Amino acid sequence: MALERWFRRNRPSKKEDDNSPAGLWLKCDSCGAQIYRKDLVANSYVCPECSHHHRVPADARVAMLADEGTFEVWSGLIEAQDALEFVDTQAYPERLTKARQKVGRPDAILTGGALLDGQPVALVVMDFSFLGGSMGSVVGEEIASATERAAAEGRTLIAVTSSGGARMQEGALSLMQMAKTTVALEALSRAHLPYISVLTDPTTGGVTASFATLGDVIFAEPGALISFAGPRVIQQTIRQDLPAGFQRSEFLLQKGMVDDVVDRRELRARIADVINLLRSGLAQPEEEEALRVAAL
Amino acid sequence: MALERWFRRNRPSKKEDDNSPAGLWLKCDSCGAQIYRKDLVANSYVCPECSHHHRVPADARVAMLADEGTFEVWSGLIEAQDALEFVDTQAYPERLTKARQKVGRPDAILTGGALLDGQPVALVVMDFSFLGGSMGSVVGEEIASATERAAAEGRTLIAVTSSGGARMQEGALSLMQMAKTTVALEALSRAHLPYISVLTDPTTGGVTASFATLGDVIFAEPGALISFAGPRVIQQTIRQDLPAGFQRSEFLLQKGMVDDVVDRRELRARIADVINLLRSGLAQPEEEEALRVAAL
Amino acid sequence: MSLPFEKPIEDLEAKIRDMRAYAAEQEIDLASEVEALQDRLDRLKRDTYENLTRWQRVQVARAAGRPTGLDYLQRTFDDFTELHGDRTLGDDPAVVTGLARLAGTSVIVIAQQKGRDTKENIHRNFGMSHPSGYRKAMRMFDLADKFRLPVIALIDTPGAYPGLAAEEQGQAWVIAESIRRMSQLTVPAISVVIGEGGSGGALAIGVANRVLILENAIYSVISPESCAAILWRDAGEAEKAAEALRLTARDLIALEVVDRVVDEPLGGAHNDPAGAMALVKQALVEELAFLASMSPEQLLESRYKRFRVLGRFQAVAAA
Amino acid sequence: MSLPFEKPIEDLEAKIRDMRAYAAEQEIDLASEVEALQDRLDRLKRDTYENLTRWQRVQVARAAGRPTGLDYLQRTFDDFTELHGDRTLGDDPAVVTGLARLAGTSVIVIAQQKGRDTKENIHRNFGMSHPSGYRKAMRMFDLADKFRLPVIALIDTPGAYPGLAAEEQGQAWVIAESIRRMSQLTVPAISVVIGEGGSGGALAIGVANRVLILENAIYSVISPESCAAILWRDAGEAEKAAEALRLTARDLIALEVVDRVVDEPLGGAHNDPAGAMALVKQALVEELAFLASMSPEQLLESRYKRFRVLGRFQAVAAA
Ligand SMILES: [Zn+2]
Ligand SMILES: [Zn+2]
């Protein structure tokens, strides 16, 4: 522990010691340490004390992955409709309005083009702070169109997921986003472009059961909850305690479901390596054919 | 139990009560009943008392599957070489000579073309009585060439397996028959022809780990031992008793490894059904293309 | 056995039976009275079934006696031959697969199977698949492509099973893979929601060229009970959730989630299984004939487009 | 640590060391004596290693200190990045897979991995794969085809694991599938037997366009011990079995089971790991360059033919 950090840690004022986004200090969920927010941010939102991976705002995630100044936003031009006129304890449009005000974007997704270590990528970053990162029509459309655009522009697709699953307020339309995002990946495959997905805490339900787990390479962040059904649902089903570490990244690595659990501070470098390797294969037969034809 | 059979069972003479191939009577391995050999044969070598599936000579197997008078033998024109000059307690050529004399064919395999319920098939039947149905160069070559011939002649391939595995006396050459028989199946796939494999007691080792388990549809006979490693080897490895029914057909059905366990007396009809269904799909695109071209 | 809202219908049916019995016993002619009652019964049935609430449709979709996957396989199709196992993890009884003929056309069938009684329900895990079930379906997709057999998938599940082993074996992974694999089929694929289309577990075999739904079947992102438990914090509010979720055949055709609603006989499929299955058969034959003329490329492309366009959104208003 | 037949070599080496030490200590010139001994040592090594019995080769192939799969991945290749898991059953430590570069060419690598000490041996199950290991390899074959990355498979296993779970999960099935899947690769594939090529478990990743074997590696249908136990009914007769099985590199090239023998430094790879790995690298680079010019169709076709022709038989003499 750096002395500076230790020094800071010993003087949190009561006022600063809160967990609001603006607070200067916060308490690590995992080890309970008081952390100076700037240190957390500087350390990729990883606790400097215990390495717990805290959630990352979508913009910060982009900043961690994209080469500086290269990110061009694609998403944000569409917003949800209330096709079902869905009302529970609150009407869906109200929930949307509040979320938009809080988060400052139309829905739970941020996409765009960028370079990553000099290589062209499309970034798809889910935003858990917007209605739990739930996937409705807008999230599905943004992912599908970013995927198709990546295919058209020769970019590797990088998806960073965090989501509670499908957005109930859009009913079956939200369910269909699982199929929509999945079929779009076909465009990428036809262009022989890689898709790397990064599963972060939490990734559950319909997102896990569609595009999130279809990466050519799948990385997971340490300790992330990644599941189809939520732990509470399973507990109710089986009526017994879940084993320690169940549905966490490390468990899934052992079960063969992810390629590796990667510390966030190494994530960019690991992704860059994989892109480099996957994109330097032999020429595709159709490319060879084109070369042959061109040579005639 | 038919009265006639019961009556016969009560008068085995000492002379007849033996298990030699020529014996009129034999004792069922499974239920211990004295069975009149002709009854066993008439019942597809299934014990009339307990339905235990006894082993079937290769010729009898062909007779059970092929429409009468349609079987044309393909195999039998090649025989093994002693490429390794293999000698254990006996030289390989001596073993071969004895087996040939006993079984009356050059090696542990019988192949040929036939109709099965009117449909063109290639039959590949392994002969366990020839050195335990072990797969050496001859078995591999007969299977591979029958497979390719089936592809060329538009026949469904039906393999009835029973084998102790690879033939040690041919060393790595026997190992390579696993690859040889497997690659030959590609010829069949390219011709969009089905391959149905029937696993009978016992099918183990290199045969199970190659063409035997690559059927588009896999049937197993009741109670057959089907495994990669032999039960004794596993017992030595894990140093505990194997669970009841382990590595038997019914166990494998439960484990998802075979499409069904089929009583031998229904086998022909089941195979005919499957061929019928698999061979009546839509026209293959290249066929459609050919039709289009022909129409121009 | 009957559903709560069917009580008036049952009462009237009982009354007609009584009147007929009485007429026979007394040897008097009550034909016109019976006829009048019969008319009333028909109107009552029609009124009742045309105006079912969404929650009532949920009950019909789950009703005992409603034909299940295996009923269709054995009666709507000919020569059904079951193929077991996924060649990987096991053989999931909650999904029944195999080869069959539909009015002479050879097809691959995949059916989610609930039990028809308690014992079978336990055996079939109430129609809730484990990963092995989806792997079995994917094996069938491979066979379908290889032998150019159209795929018919019958959807009827509360959802994929949420259990320990299912998670360990990658339930989310196989559902995602099954969605992708089905979308890549080079042969015609038709899915029919015959009862309950529960979430991702249903969609896994629902990525077809044509998605049909029975008149009283439902298809939803979440069960009304679970939705109520989450949004209303009270599973008892399932009726409200069912309304909100727009999960009936009529809703789904309006949302373009399904392509065709197959009528059920008056009174629902559970009151006339044979009639319902005949209507499904007819619809399938028509759909299959329609798709048979399409090339593999056209099938792929139209399936891609069908699912690519789903959803409702609008341009953000300029600030 | 040294092998039994290496004793005379070790003794002579010790003698040379002693003489050098003595010369230094006494400040006398024994250079010509040392040189003579050194010549004798070289001759002895050469004689010993050129005339190893088959059983002695088995011992060299299994020797401690011989480079394992991971040693190659870390030193023969650059930028090795491991990819874990089969997305189905688990992540088998007995097979290590991933992406890497070989002299600048991006490739998929699949290596069977024995342990380098007891602890690792237990972790790696002595290099004996479960079905999950073969499924992981097959996932790599898929990646290789999709991104057109040549496949390099390093074989070093006593065999596929013969255990309860392995049988339950279809050990035979996955080996068969892996053989088939590898034979269908549309990219160049090279297998190298670096130590022990044990039966079907080795062949599962051995269906390559070019199959290489190290000078002192072995490749056999069965281990000498098991063969002896079956045919001689005495595992102690392994030496005889090793002779009979013709399992050395020289034997296999004569039988056309392998395409190329890669020399080891004098004294075997275990006495000079770096030297051995350099020779393997050179061979791989040459082979890869040779295969790079072939089209997918040519690769498929030549792989088909290579395995289709294997075996020795003759026409039955006319009766
Ligand atoms: Zn902490
Ligand atoms: Zn018996």
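Letters go in sequence order (proteins before strands), and every chain restarts at 1. For clarity, every value in this text was computed on a predicted model and none was experimentally measured.
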Select one option (side chain, backbone, both, neither) describing which atoms of C:Leu164 are under 4.5 Å from chain A's heavy atoms. both

Need one label for A:Glu85: side chain, backbone, both or neither, based on atoms under 4.5 Å from any heavy atom in chain C. both

Turns out that what part of A:Ser227 lies under 4.5 Å from chain C's heavy atoms comes down to both

Which atom names give the shortest non-hydrogen contact between A:Ala184 and C:Tyr304, and what distance separates them? CA-OH, 3.4 Å

Side chain, backbone, both or neither: which part of A:Ser145 has a heavy atom under 4.5 Å from chain C? both

Give me the atom names and distance for the closest heavy-atom approach of C:Ser183 to A:Val183. CB-CG1, 3.7 Å

Distance-only, no hydrogens or angles: does the A:Ser137 side chain make a donor-acceptor pair with backbone N or O of C:Arg312 under 3.5 Å? yes

Under a 4.5 Å heavy-atom cut-off, does chain A meet the side chain of C:Gln169, its backbone, both or neither? backbone

I'd like to know if the side chain of C:Trp173 reaches the main chain of A:Ala209, judged simply by a donor and an acceptor atom lying under 3.5 Å from each other, with no hydrogens or angles considered. no

Are any of the side-chain heavy atoms of C:Ser220 and A:Leu175 separated by less than 4.5 Å? no

Residue selection (most heavy-atom pairs with chain A, distance under 4.5 Å) from C:Met182, C:Glu177, C:Arg306, C:Gln184: C:Gln184

Going from CD1 on C:Ile222 to CE on A:Met168, what distance comes out if it is rounded to the nearest 0.5 angstrom? 5.0 Å

Taking the side chain as everything from C-beta on, heavy atoms only, tell me whether A:Lys255 gets closer than 4.5 Å to C:Glu167. no

Using non-hydrogen atoms and a 4.5 Å limit, figure out which bit of A:Ala187 sits close to chain C: side chain, backbone, both or neither. both

Mind listing the closest non-hydrogen atom pair of C:Val221 and A:Ala166 along with its distance? CG2-CB, 3.4 Å

Walk me through it: do A:Glu142 and C:Phe313 pass the test side chain to side chain contact (heavy atoms under 4.5 Å, CB included)? CA-CA 11 Å; A:Glu142 294 283 17; C:Phe313 51 85; over 6 Å; no

If you measure from CG on A:Leu84 to CD on C:Glu243, what distance do you get to the nearest 0.5 Å? 11.0 Å

Please look at C:Ala241 and chain A and tell me whether the side chain, the backbone, both or neither of the residue comes under 4.5 angstrom of a heavy atom of that chain. neither

Residue part contacting chain A, namely of C:Val309, when any heavy atom lies under 4.5 Å: backbone

Heavy atoms only: give me the nearest A:Ala229-C:Pro162 pair and the separation to one decimal. CB-CB, 3.5 Å

Quick check on the interface: out of A:Ala80, A:Ala144, A:Ala83, who has the most heavy-atom pairs with chain C under 4.5 Å? A:Ala144

Enter the distance from C:Cys227:SG to A:Phe86:CZ here, rounded to the nearest 0.5 Å. 4.5 Å

Criterion side chain to side chain contact (heavy atoms under 4.5 Å, CB included) on C:Tyr161 and A:Thr237, from CA distance to verdict: CA-CA 9 Å; C:Tyr161 188 63; A:Thr237 307; 3.3 Å; yes

Non-hydrogen atoms of chain C under 4.5 Å away: do they reach the side chain of A:Gln235, the backbone, both or neither? neither

Can you tell me which portion of A:Phe251 sits under 4.5 Å from chain C's heavy atoms? Options are side chain, backbone, both or neither. side chain

Using a strict 4.0 Å threshold on nitrogen-to-oxygen distance, state whether A:Arg190 and C:Glu301 make a salt bridge. yes

Are A:Met178 and C:Ile175 packed together at the side-chain level, in the sense that at least one heavy-atom pair is separated by less than 4.5 angstrom? yes

Once you round to the nearest 0.5 Å, how far does CG of C:Leu245 lie from OG of A:Ser174? 9.0 Å

For the residue pair C:Phe307 and A:Lys180, what are the closest heavy atoms and their distance? O-CB, 3.4 Å

Does the side chain of C:Glu168 come within less than 4.5 Å of A:Phe246's, by heavy atoms? yes

Need one label for A:Glu148: side chain, backbone, both or neither, based on atoms under 4.5 Å from any heavy atom in chain C. side chain

Which atoms of C:Leu255 are under 4.5 Å from chain A, going by heavy atoms: the side chain, the backbone, both sets, or neither? both

OG1 of A:Thr208 to CD of C:Gln171, rounded to nearest 0.5 Å, is 11.5 Å

Roughly how far apart are C:Leu231 CG and A:Tyr92 OH, rounded to 0.5 Å? 11.5 Å

Pair C:Arg180, A:Leu214 - check side chain to side chain contact (heavy atoms under 4.5 Å, CB included), show working. CA-CA 9 Å; C:Arg180 171 157 68 184; A:Leu214 291 171; 3.4 Å; yes

Taking all non-hydrogen atoms of both residues into account, name the closest pair between A:Thr213 and C:Ala172 and its distance. OG1-O, 4.0 Å

Could you give me the CA-CA distance, side-chain angles and deciding distance for A:Glu141 and C:Arg308, then say whether side chain to side chain contact (heavy atoms under 4.5 Å, CB included) is met? CA-CA 8 Å; A:Glu141 177 65 23; C:Arg308 176 65 184 84; 3.0 Å; yes

Would you call C:Arg303 and A:Glu186 a salt bridge, taking side-chain N to carboxylate O under 4.0 Å as the test? no

